[in-house]
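Heads up: the structure comes next, in structure tokens.
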Amino acid sequence: MNDTYYEFGTAADRWDRARMFFEAKEYLTAARILGGLVEEAPEQVAPRLLLARAYYHSARLGKAETELRAVLERDPVEHYARLMLGRTLERQGRQEEATPHLRMAAAMSGDFGEDISS
């Protein structure tokens, strides 16, 4: 596939295409499309959050962490980004850094049943 495919169409077309690839578990392709969308509109949270998810699922954890932190800078109460950041840090073996994010995500969602301090 050439680069033109990733840039073809309106932002809405590319958003739909990226979501289609994400849902098909083609995370690298979705990330490639989403990267362009994020560059065009860095203030929008949804494409950046889906990009972070694509990175997470394709084990590009450093990139996922970077995008999740950018989401949280723009929207500090985005509880799903907080949860994902905690899970991303856990997957990197950084439990001590992950715990506060996981606790905050649980508090934001009202989920107090799970002990995330372990």
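Note that the coordinates shown come from a computational prediction; the quantities given were computed from them, not determined experimentally.
The CG atom of L85 lies 8.0 Å from the CZ atom of R94; values are rounded to the nearest 0.5 Å. Considering OG1 of T66 and OH of Y55, their distance stands at 9.0 Å, rounded to 0.5 Å. Here L102 contributes atom CG and E90 contributes atom CD; the two are 5.0 Å apart, rounded to the nearest 0.5 Å.
Remark: R69 pairs with E65 by the side-chain hydrogen bond (donor to acceptor under 3.5 Å, both in side chains) rule, at least two apart or across chains.
Counting only N and O atoms by type, the side chains of T88 and Q92 include no donor and acceptor under 3.5 Å apart.
Screening residues 42-52 for side chain to side chain donor-acceptor pair (under 3.5 Å), with sequence neighbours left out, gives R48-E67. Sorted by first and then second residue, the side chain to side chain donor-acceptor pair (under 3.5 Å) pairs with a member in residues 74-84 read R82-H101; sequence neighbours excluded.
Scanning all heavy atoms of the two residues, the minimum distance from R60 to A31 falls at NH1-CB, 4.3 Å. Contact between A18 and I33 at its shortest, heavy atoms only, is CB-CG2, 3.7 Å. Between L37 and P47 the shortest heavy-atom distance is CB-CB, 4.4 Å. Minimum heavy-atom separation, G86 to A98: O-CB, 3.2 Å. The nearest pair of heavy atoms linking S58 to A54 is OG-O, 2.8 Å.
In this structure, L89 and Q95 have side chains that are not in contact, with every pair of non-hydrogen atoms separated by 4.5 Å or more.
Cluster membership check: L68 does not share its hydrophobic cluster with V38, using side-chain heavy-atom separations under 4.5 Å among Ile, Leu, Val, Met, Phe, Trp and Tyr. Hydrophobic clustering (side-chain heavy atoms under 4.5 Å, transitive across Ile, Leu, Val, Met, Phe, Trp, Tyr) groups L72 together with L83. Linking ILVMFWY side-chain heavy atoms closer than 4.5 Å, directly or via other members, places L50 and V71 in two distinct hydrophobic clusters.
The backbone N or O of E96 sits nowhere less than 3.5 Å from a side-chain atom of T99 that would complete a donor-acceptor pair.
A cation-pi arrangement is present between R91 and Y56, with the terminal nitrogen or guanidinium carbon under 6.0 Å from the aromatic centre and inside a 45° cone about the axis.
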Handout entry: Test side-chain contact (heavy atoms from CB on, under 4.5 Å) applied to M84 and R53, step by step
Key = CA-CA 8 Å; M84 278 202 60; R53 292 177 63 199; 3.1 Å; yes
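Using the six-membered ring where Trp is involved, Y27 and F22 have ring planes that are perpendicular, over 60° apart on the 30 and 60° scheme.
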